[in-house]
Amino acid sequence: MKVPVVRNILEANKRIADENRTLFGSKRILVLNLMSSPGAGKTTLLEKTIDLLKDRFRIGVIEGDIQTSTDAERIAGHGVQVVQINTDGACHLDGNMIREALTQLDLDALDLLVVENVGNLVCPAEFDVGEHHKVMILSTTEGDDKPKKYPLMFQESSVLLVNKIDLLPYINCRIEVIRRASAEINPNLKVLEISATTGEGLPLWTNWLEEQIRQIRGTD
C-alpha cells in the first residue's frame, strides 16, 4: 500500500512544480534549488553571491527552515526580497510550499530566485519545486564518502559546489575522490571548488550563474 501513496504524492507535487515552472518561464526568472546538509554553508554562499551580483541582477530568496527565521533575517540584511517558509518538522520544501511563497514576492522585479532548501542530504532531492537547476553544496568537513552514501543528491543536481576548501590542510578529505565518485553517478555534474568564507573559487560560480541568467532572459 505504501508505494502507490508515495507515487501519488510525487505525481501531485510534479503537477504543481510544472505550474511553478511555467510561471517562472513567463517571467523569465532563473530559479535554483539550493540543497545541502545542515552547516555546509548555503546561507554564507548566498550572502556572498548576493553581494557579488546584486548590482547587475535583481535577486530574491525563499528560505526553508524547520523552525527559525535566522537565515532569512541574514539574507534580508543584504537588501533583497526574501520569504521564509517554516516546515514545522518536514525535511524538505515541495512545490505547493513554493507556490504559496511566490504570492509574497514581486516576480516582475526578479532575474534570479534562489530557494534555500531545508538542510538534509536525502529528501530535498526527491521533490521538484519548479526550479531550472538543483545545486548541491558539499562541505569538505563532511568527508569524501558522501557521493556514494547519498547518490540521489548528486544524480539530480546540475552543479556541485565543494565548499570550505580552505580547510583542506586540516582535515582528511580528498577532492579527487569526490570528483571521481560524483562523475560515476552523474557524468554531467559540474563540480566547482569554492570557499564561501575566503571567496576562493566564487568567480567560477558567479560566472556560471550569470551565463544561466542571460540565457533565461535572452540577453546573450
Side-chain angles (χ1 to χ4, degrees), residues 29-66 68-85 92-93 98 101 110-121 123-125 129 131-144 146-147 150 153-154 156-168 170-171 173 175 178-179 182 189-213:
I29 303 170
L30 174 68
V31 180
L32 304 181
N33 184 354
L34 192 59
M35 312 178 300
S36 79
S37 60
K42 293 191 299 298
T43 308
T44 300
L45 174 73
L46 261 177
E47 290 178 303
K48 293 293 179 70
T49 302
I50 290 167
D51 288 344
L52 289 168
L53 295 181
K54 67 181 180 183
D55 290 339
R56 283 170 285 164
F57 301 105
R58 303 166 298 174
I59 302 171
V61 176
I62 296 176
E63 278 286 346
D65 198 292
I66 289 176
T68 76
S69 60
T70 303
D71 293 343
E73 292 167 7
R74 284 174 57 182
I75 295 299
H78 293 262
V80 299
Q81 294 188 60
V82 58
V83 175
Q84 176 72 54
I85 298 175
H92 63 274
L93 298 176
I98 298 303
L110 292 180
D111 301 309
L112 169 65
L113 175 62
V114 181
V115 176
E116 182 177 349
N117 218 310
V118 177
N120 188 307
L121 272 185
C123 306
V129 299
E131 74 277 359
H132 293 94
H133 297 285
K134 287 182 170 65
V135 174
M136 179 185 175
I137 303 178
L138 176 67
S139 166
T140 57
T141 56
E142 297 174 70
D144 52 29
K146 294 303 177 287
Y150 301 94
M153 293 283 285
F154 296 82
E156 293 295 316
S157 296
S158 301
V159 177
L160 169 63
L161 299 171
V162 182
N163 191 25
K164 304 185 184 181
I165 58 172
D166 53 305
L167 299 181
L168 282 171
Y170 313 107
I171 57 177
C173 178
I175 297 288
I178 294 173
R179 283 187 173 275
S182 299
L189 182 64
K190 186 178 185 65
V191 181
L192 301 176
E193 300 173 22
I194 66 166
S195 170
T197 299
T198 68
E200 185 176 358
L202 288 186
L204 297 173
W205 161 239
T206 55
N207 287 344
W208 180 84
L209 265 177
E210 287 190 49
E211 181 183 349
Q212 302 305 312
I213 293 170

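Just so it is clear, the model here is predicted, and its values are computed rather than measured.
Between Asp65 and Thr70 the shortest side-chain heavy-atom distance does not fall below 4.5 Å. Between Leu209 and Leu30 the shortest side-chain heavy-atom distance falls below 4.5 Å. Side-chain atoms of Glu63 and Leu46, non-hydrogen and from C-beta on, do get closer than 4.5 Å to each other. Side-chain atoms of Asp166 and Thr140, non-hydrogen and from C-beta on, never get closer than 4.5 Å to each other. With a 4.5 Å cut-off on side-chain heavy atoms, Glu210 and Arg56 count as touching. Ile98 has its side chain out of reach of Val31: every pair of non-hydrogen atoms, C-beta onward, lies at least 4.5 Å apart.
Formation of a donor-acceptor pair under 3.5 Å by the Lys164 side chain with backbone atoms of Gly41 is not found in this model. Using a distance-only test at 3.5 Å, with no hydrogens or angles considered, a donor-acceptor pair links the side chain of Ser195 to the main chain of Thr198. At distances below 3.5 Å, not a single donor-acceptor pair connects side-chain atoms of Asp144 with backbone N or O atoms of Ile178.
Of the inter-residue distances, the one linking Met153 atom CE with Ile137 atom CD1 reads 9.5 Å to the nearest 0.5 angstrom. The structure places CG of Leu121 at 7.0 Å from OG of Ser36, a figure rounded to the nearest 0.5 Å. A distance of 6.0 Å separates CE in Met136 from CG in Leu160, rounded to the nearest 0.5 Å. One distance of note links CD of Glu116 with CD1 of Ile75; it measures 6.5 Å at 0.5 Å rounding. Of the inter-residue distances, the one linking Gln84 atom CD with Ile62 atom CD1 reads 10.5 Å to the nearest 0.5 angstrom. Atom OG of Ser139 sits about 11.5 Å away from atom CD1 of Ile165, to the nearest 0.5 Å.
Taking Ala196 as the reference, Thr44, Leu45, Asn163 meet the side chain to side chain contact (heavy atoms under 4.5 Å, CB included) condition, with sequence neighbours excluded. Remark: His92 engages Phe127 in a ring-ring contact (aromatic ring centres under 6.0 Å, His included) (not counting sequence neighbours). In terms of the salt bridge (charged side-chain N to carboxylate O under 4.0 Å, His left out) criterion, residue partners of Glu131 (sequence neighbours excluded) are, by chain and number, Lys134. Shown here are the ring-ring contact (aromatic ring centres under 6.0 Å, His included) partners of Trp208, two or more places apart in sequence or in another chain: His133, Trp205.
Applying the salt bridge (Lys or Arg N to Asp or Glu O under 4.0 Å) test to every pair with at least one member in residues 32-49, sequence neighbours left out, gives these pairs: Glu47-Arg74. Residue pairs meeting the salt bridge (Lys or Arg N to Asp or Glu O under 4.0 Å) criterion with at least one member in residues 190-201, sequence neighbours excluded, are Arg179-Glu193.
Across all their heavy atoms, Leu112 and Ile213 have their closest contact at CB-CD1, 4.0 Å. Contact record, Leu93 with Asn117: N-OD1, 3.0 Å, taken as the closest heavy-atom pair. Between Ser37 and Glu142, the shortest heavy-atom contact is OG-OE1, 2.5 Å. Taking all atoms of both residues into account, the shortest heavy-atom contact from Leu168 to Cys173 is CD2-O, 3.5 Å. Taking both residues in full, the closest heavy atoms of Ala101 and Ile85 are given as CB-CD1, 3.8 Å, listed atom of the first, atom of the second, then distance. Nearest heavy atoms, Phe154 versus Pro147: CE1-CA, 3.3 Å.
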Exercise. Stepwise, does the side-chain contact (heavy atoms from CB on, under 4.5 Å) test hold for Val61 with Ile50?
Worked result: CA-CA 10 Å; Val61 176; Ile50 290 167; 4.2 Å; yes
